[in-house]
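Numbering of ligands and ligand atoms starts at 1, following listing order.
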Amino acid sequence: MIKTRFAPSPTGVLHLGSIRTALFAWLYARHNDGKFVLRIEDTDRERSTPENVDAIIEGISWLGLVADEGPYFQSERYARYREVATRWLAEGKAYRCYCTREELDELRERQLKSGAHVRYDGRCRDRTEPRNGVDPVIRFKNPPSGEVIVNDVVRGRVVFQNAQLDDLIICRSDGSPTYNFTVVIDDYDMQVSHVIRGDDHLNNTPRQMNMLAALGVEAPTYAHLPMILGPDGSKLSKRHG
Ligand code: GLU
């Protein structure tokens, strides 16, 4: 069964580029007698507003892009994300990181100065003791070496080196889950077969594929669509009128 999804974040008004992406996902599902899922990615509690959610739901229904499933709200799925994070901690696929902002800033500065790639160095990977007064984040243990190959339907074969990716934060210190983590769990749980989204997410794809591998499941097919640009070649925005 072909299943696509439209997964906007309600952190701003519905963007024309997002609508175009949704159109492709909807058409692909319709063409293949598949299903089209609407998922509201509202884990950024501060910037997500009910008005923006309404604009998404009204906007796509006005356009006739009827969803077969959803809207699902990520904010209602925290228990599920927590369950996976807890399991990964137990399985050694994730770890608690107690680094302070100062330590991370210092690391970053050192890497910038030496011309090294700026990335978290995994220093808490083998840490067993908590640190008093620090609420830890949870990081995913990204494979340290090897490559991730994305066979993108639009872009072709795109190769990423694991050495360039770091151990991504999957839960913030307040326990809230982060974007790449929730997307992976949702795309899997919702049995999305084709992830059709904007080009701006291509760099997230190897991270997401590594996490899908940690879940022991196959990655969906990816199709990254070019962004709509303004006449000046930059991403279309309100500045363009
Ligand atoms: N929520 C993301 C966004 O609005 C999209 C996530 C995705 O399509 O994987 O940019």
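Every residue two or more places apart in sequence or in another chain was checked for a salt bridge (charged side-chain N to carboxylate O under 4.0 Å, His left out) with Lys35, and none qualifies.
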Check residues 215-226 and write down every donor-acceptor pair under 3.5 Å in which the side-chain atom is one partner and the other belongs to a residue at least two apart or another chain.
unit_1	atom_1	unit_2	atom_2	d
His224	ND1	Asp152	OD1	2.6
His224	NE2	Arg197	NE	3.1
His224	NE2	Thr205	OG1	3.1

Return all side-chain donor-acceptor pairs below 3.5 angstrom for residues 128-138, not counting sequence neighbours, or 'none' if the list is empty.
unit_1	atom_1	unit_2	atom_2	d
Arg131	NH1	Tyr98	O	2.8
Arg131	NH1	Glu103	OE1	2.9
Arg131	NH2	Glu103	OE2	2.7

Just the distances, no angles: every ligand 1 N or O to protein N or O pair closer than 3.5 Å, one line each.
unit_1	atom_1	unit_2	atom_2	d
ligand 1	1 (N)	Ala7	O	2.7
ligand 1	1 (N)	Ser9	OG	2.8
ligand 1	1 (N)	Glu41	OE1	2.6
ligand 1	4 (O)	Ser9	N	3.2
ligand 1	4 (O)	Ser9	OG	3.2
ligand 1	8 (O)	Arg5	NH1	2.8
ligand 1	9 (O)	Arg5	NH2	2.8
ligand 1	9 (O)	Tyr179	OH	3.0
ligand 1	9 (O)	Arg197	NH1	2.8
ligand 1	10 (O)	His201	NE2	2.9

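Ring orientation note: the planes of Phe6 and Phe36 are close to parallel, at an angle under 30° on the 30°/60° scale.
Under the 3.5 Å distance criterion, with hydrogens and angles disregarded, a donor-acceptor pair is assigned to the side chains of Gln74 and Asp186.
Linking ILVMFWY residues whenever their side-chain heavy atoms come closer than 4.5 Å, directly or via other members, leaves Tyr72 and Ile57 in distinct clusters.
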